[in-house]
Amino acid sequence: MTMPAEKPMTLLSTRFEPLLLRHATNPILSSKDWPYPINSVFNAGATMLADGTTLLLCRVEDRRGLSHLCAARSRNGVDGWQIDGEPTLMPDPKNYPEEIWGIEDPRITFVPELQQYVVTYTSYSRGGPGVSLALTKDFRTFERYGVIMSPDDKDSALLPRRIDGCWALIHRPMTPLGSHMWISYSPDLRYWGRHRLMLEARRGAWWDANKIGLSPPPIETSRGWLVFYHGVRHTPSGCLYRLGLALFALENPEKCLLRGDSWIFGPEASYERHGDVDDVVFPCGYTMDADGDTLNIYYGAADCAIALARASVRSLLDWLDANGSCERRQRAQDL
Ligand code: BMA
């Protein structure tokens with residue numbers, strides 16, 4: 001039998017050069033920093049405001065187990081956080097019944113056309129988690145659009161510009177056949193359609209088998225949309241949340257150009273390995289430094305704290321060039 005001409009899988013490399021570097025002072029925010037009593041703070045959306053301030057919109061879990069969102073601002077994105085004295089965005093189940101059990105895991109996209117930030121978040125309804133959307137100019141007042149993707153659905157973010165005249169939203173519906181990343185389109189941010197499968201969870205023993213989801217909003221590069229996604233591995237002692245990398249076509253974001261085989265970041269530090277939920281790294285936001293290359297990735301650690309890791313876009317793309325392959329080929333061969 002002749003060997004396939006294609007490059008063999010990348011498992012042959014024995015050493016992995018870390019692509020995401022943990023900040024020395026991690027975790028950078030935890031419940032002890034909060035100005036009011038909470039259980040935990042984790043999974044924060046992130047953005048850099050016009051004046052250079054880093055804003056984190058943090059998921060805060062109260063001592064009932066329900067989550068709300070609270071803004072923290074810092075000049076350097078590392079310390080000196082000014083945290084809102086009370087919740088910034090509370091669930092409003094009277095007007096939005098889908099928020100009855102809290103709001104979670106925000107992703108922030110600044111949309112130049114609207115001159116506003118679009119926040120997508122999980123609204124935890126009696127019927128399960130759905131995707132809700134709100135607009136804000138200042139993270140003080142919000143215009144809620146309500147639930148835009150019905151349960152079970154989460155892990156969503158908006159692309160910052162229209163694709164072919166329509167807004168594009170990545171999200172993760174859950175089905176008994178698996179939880180995959182989808183993309184949907186809308187003329188007005190309210191009505192969504194043209195649903196397309198964007199990235200499939202693999203199967204079997206893979207680290208990203210059965211359940212994946214978007215992590216921070218996609219990063220627009222000259223080569224395509226760079227996407228961090230999380231893969232959930234179910235093990236006899238619980239779940240393992242790790243991060244993978246993929247690249248999608250700029251004007252056709254449902255087309256995967258490259259996908260890495262191995263995870264690039266996983267729970268290793270003690271604050272990632274042990275917490276309310278062990279073995280979770282869960283980024284929901286990033287900011288980009290003025291050099292246009294350095295990413296500051298903010299991630300929830302073990303559902304207990306917020307940590308920071310830095311990465312270079314150039315290195316991430318180089319890694320994908322060396323280790324990624326075309327999704328279609330993978331689908332045919334590996335699934
Ligand atoms: C996911 C989400 C995240 C959480 C993770 C681990 O399903 O709920 O908010 O960090 O589980 O508990």
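Counting starts at 1 for both ligands and their atoms, in listed order.
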Given the side-chain rings of Y299 and F282, with only the six-membered ring counted for Trp, is the space between their centroids under 6.0 Å? no
Atom indices of ligand 1 within 4.0 angstrom of K154 heavy atoms, with elements: 2 (C), 7 (O), 8 (O)
Which of the numbered atoms in ligand 1 are below 4.0 angstrom from a heavy atom of V277? 12 (O)
Please list the nearest protein heavy atom to atom 9 (O) of ligand 1 with its residue and the distance rounded to 0.1 Å. D105 OD2, 2.5 Å
Return the closest protein heavy atom for atom 11 (O) of ligand 1 as residue, atom name and distance. Y241 OH, 3.1 Å
Please check: side-chain N/O of D289 versus main-chain N/O of D291, any donor-acceptor pairing under 3.5 Å? no
Can you confirm whether or not the ring centre of W225 sits under 6.0 Å from the ring centre of F248? no
Checking R59 against F42: charged group under 6.0 Å from the ring centre and within 45 degrees of the axis? no
Other residues, nucleotides, ligands: >12 heavy atoms within 6.0 Å of Y298 OH: yes
Who's the nearest protein heavy-atom neighbour of atom 12 (O) of ligand 1, and how far? D303 OD2, 2.7 Å
Should the proximity of N43 to ligand 1, defined as any heavy atom under 4.0 Å, be assigned to the side chain, the backbone, both, or neither? side chain
For K211, is at least one N or O under 3.5 Å away from an N or O on ligand 1? no
Mind listing the closest non-hydrogen atom pair of T221 and G224 along with its distance? OG1-O, 2.7 Å
